[in-house]
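Note on naming: letters A, B, ... go to the chains in the order of the sequence lines (proteins, then strands), and numbering restarts at 1 for each one.
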Amino acid sequence: MRSGLVWLLDEAPVGHSAHTRENTMLTAVAVIAGVLLSAGTLFLLYWFRFKWKRSWHETSVLFLAIYILVDLVFRHYPIHWAYNHNLLPIVSLLYTGIYLFTFCSMLVFFVRYLLHSPIKTLLFYGLMIGIVFLIVKTRPLEYAEKMLYTPKPLTFEGSSENLSRTQIVPSLDTPIASGKNVIWCASWTMMWKEIQNTLAKEPVIV
Amino acid sequence: MAEEFSQRMNLAPDYSPDLPQGDWYAKGGWVDQGVIQDIHKDMAEHFPRAPRPEFPGIEQRSFLGYAFLTSKIKFSIPYDECERPAVFTDNQGKTTQIPAFGFNGTARRYSKQIKRLYCENMAQNKAMWGFFHYALDLCADDPVYQVVVAVIPAKATLEETLKYLEEKISIPSEFESKIDGNDTLQAPELAFHITHNFTEITGHSFENESMRKSPIDDACLDILFRLDRSGVELIAQAKSYYRCMPVDYKFLQPFLVYLKKRGATRPYFVMWVDNDELLRK
């Protein structure tokens, strides 16, 4: 399974087709916005640390607690919202930024505190990293990835003459053959009615 | 055959009130009176993304009938792709392994999106569980569109099949319209682009005086249809001129799929899937 940013760059789940120029533009905007949002989140955390004179240890724990709380309360709603507003790349990138920050900060302080109090540090950070890893593995990123949509190729393209087990009918009351797929679409009837009403101005005789 | 064809078409109802506004366009006229230019202008204005309609070889004195219909219905929450291939069994008992979409164990996530329109235990012994006929609305939270898939018996015409289903839906059911948390869904994917020429009338002429006894050289219907876990897409154009227990909702047997404007009496696309010819394999 691909993870992180890789899918984001080549499969933006925007609308129904992933390869139009507009979608490429939107993906680029999403990437930039996502980077800005992630950077903004990091800035907020740095600001929090210095403003309230908290240790990195406390900052990362607080951050993790907020994240778990938000995740528990809102669960998949941000992802559903993002999917329906074609903003899944931005939200996913934001999630990725949060994960990266949490992991990196924990790794740095794990090494730092290990030198002072190895047992406590191992216990604390082992537990924290375990929790974050579990969330990352089971929660939004994976779910967002599942929601990604890339249209698959058509199963059939061409003239109906090449279809032996499919019947196209002009009207709903046309008898259907047994063992065949049957397709009807209103566009043919609309075209007929247009000829009937605007050109023939009476029932059409063929 | 041509006479029967035209009689059926003349008696067919006008579907325009049942179509979502802004999703369709229809125009008829004479080429020498500028109908092609009108169609190009209107299509560019109303459907700027649609390809410019082409009428190869059309005669200057030809009539032209044209209709365009498009619907894009995006499921609010895309359904899951089934991890294992499903087995579609057609009316003759032939089985085919196909990829499918749906849910298994995550029904609650779709409780607002999917609605049970009809469900009936068809087993003679009602205590037996497992032989059901059913119909589901796959986008019940969409205010404009309705995508219905149904496992029901085929009738002699699509009209009768639809009527049968409508009657079944109108009868109060022992089942709630909300799906149960343990229900599962498996539906096959469809994605095709078919060009069909109605040979029943090509080569014949319009006999109406006002139609200048015009021959019909091209009576063509183009349908692009896609049904998958993310939603439904339909693009269709028609042109005519001269050239001149949990209940397991498994749509793995012949089934009906139709698209309808929510609240409308008639659908605008109907398909009876009887065999695997158009299924993704």
Q: Could B:R266 and B:D18 be called an ion pair, given the rule that one side-chain N must be under 4.0 Å from one carboxylate O?
A: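 Counted as a salt bridge, because a side-chain N and a carboxylate O are separated by less than 4.0 Å.
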
Q: Of the backbone (N, CA, C, O) and the side chain (C-beta and beyond), which part of B:Y15 lies under 4.5 Å from a heavy atom of chain A, both, or neither?
A: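 Contact with chain A is through the side chain of B:Y15 alone.
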
Q: Compute whether any side-chain donor of one residue and acceptor of the other, for A:T166 and B:E277, lie under 3.5 angstrom apart.
A: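 Yes, because at least one side-chain N or O of A:T166 sits under 3.5 Å from a partner of the opposite role on B:E277.
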
Q: Please classify the contact between B:D276 and chain A as side chain, backbone, both or neither, with a heavy-atom cut-off of under 4.5 Å.
A: both

Q: At a heavy-atom separation under 4.5 Å, does B:L19 approach chain A through its side chain, its backbone, both, or neither?
A: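 Answer is side chain: those atoms of B:L19 sit under 4.5 Å from chain A.
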
Q: Do B:L259 and B:L234 come within less than 4.5 Å of each other through their side chains, counting heavy atoms only?
A: yes

Q: Could you tell me which portion of A:W192 (side chain, backbone, both or neither) has an atom closer than 4.5 angstrom to a non-hydrogen atom of chain B?
A: side chain

Q: Measure distances from B:I194 to the heavy atoms of chain A and classify the residue's part below 4.5 Å as side chain, backbone, both or neither.
A: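 Contact with chain A: backbone and side chain both.
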
Q: Does any backbone or side-chain atom of B:L162 lie under 4.5 Å from a heavy atom of chain A? Answer side chain, backbone, both or neither.
A: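 When you check distances to chain A, only side chain atoms of B:L162 fall under 4.5 Å.
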
Q: Is B:S71 close to B:W24 at the side-chain level, that is, under 4.5 Å between some pair of heavy atoms?
A: no

Q: Counting heavy-atom pairs under 4.5 Å to chain B, which of A:N162, A:V204, A:N181 comes out on top?
A: A:N181

Q: Under 3.5 Å, is there a donor-acceptor pair linking the side chains of B:D23 and B:T70?
A: no

Q: For the residue pair B:T106 and B:D80, confirm or rule out a side-chain donor-acceptor distance under 3.5 Å.
A: yes

Q: If you tally heavy-atom pairs under 4.5 Å against chain B, which of A:P170, A:A186, A:P203 wins?
A: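 So the answer, after comparing A:P170, A:A186, A:P203, is A:P170.
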
Q: Of the listed residues (B:Q7, B:R8, B:E159), which shares the most heavy-atom pairs with chain A below a 4.5 Å separation?
A: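 Option with the top pair count is B:R8.
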
Q: If you count heavy-atom pairs under 4.5 Å between each of A:V169, A:D173, A:T198 and chain B, which one has the most?
A: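 Counting heavy-atom pairs under 4.5 Å, the top option is A:D173.
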
Q: Considering only heavy atoms, which portion of B:Q237 lies under 4.5 Å from any heavy atom of chain A: side chain, backbone, both, or neither?
A: backbone

Q: Would you kindly check if the NZ (Lys) or CZ (Arg) of B:K239 is within the cone defined by 45 degrees around the ring axis of B:Y66 and under 6.0 Å from the six-membered ring centre?
A: no

Q: Are B:I235 and B:F68 packed together at the side-chain level, in the sense that at least one heavy-atom pair is separated by less than 4.5 angstrom?
A: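 A side-chain contact under 4.5 Å exists here.
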
Q: Using a 6.0 Å distance limit plus a 45 degree cone around the ring axis, check whether B:R229 lies over the aromatic ring of B:F75.
A: no

Q: Looking at B:N197, B:L278, B:L69, B:N91, which one has more heavy-atom pairs under 4.5 Å with chain A than the rest?
A: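 That would be B:L278.
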
Q: Select one option (side chain, backbone, both, neither) describing which atoms of B:K94 are under 4.5 Å from chain A's heavy atoms.
A: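 Side chain only.
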
Q: Hey, which of B:H196, B:E207, B:M271 has the most heavy atom pairs under 4.5 Å with chain A?
A: B:H196

Q: Salt-bridged, B:E81 to A:K152, with N to O below 4.0 Å?
A: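 Yes, this pair counts.
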
Q: Taking the six-membered ring for Trp, are B:W30 and B:F63 parallel (under 30°), tilted (30 to 60°) or perpendicular (over 60°)?
A: perpendicular

Q: Using a cut-off of under 4.5 Å on heavy-atom pairs, state which of A:E161, A:K201, A:Q196, A:Q167 scores highest against chain B.
A: A:Q196

Q: I'd like to know which of B:H193, B:K281, B:K27, B:E189 tops the heavy-atom pair count under 4.5 Å against chain A.
A: B:H193

Q: Select, from B:A2, B:A219, B:A154, the one with the greatest count of heavy-atom pairs under 4.5 Å involving chain A.
A: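 Looking at each of B:A2, B:A219, B:A154 in turn, B:A219 comes out on top.
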
Q: At a heavy-atom distance under 4.5 Å, which candidate from A:E157, A:M191, A:K180 has the highest pair count against chain B?
A: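 So the answer, after comparing A:E157, A:M191, A:K180, is A:M191.
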
Q: Select, from B:P13, B:P254, B:S16, B:A26, the one with the greatest count of heavy-atom pairs under 4.5 Å involving chain A.
A: B:A26

Q: Quick test of your reading of the model: are B:K155 and B:E160 salt-bridged, counting only N-O distances below 4.0 Å?
A: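 Looking at B:K155 and B:E160, the cut-off is not met.
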
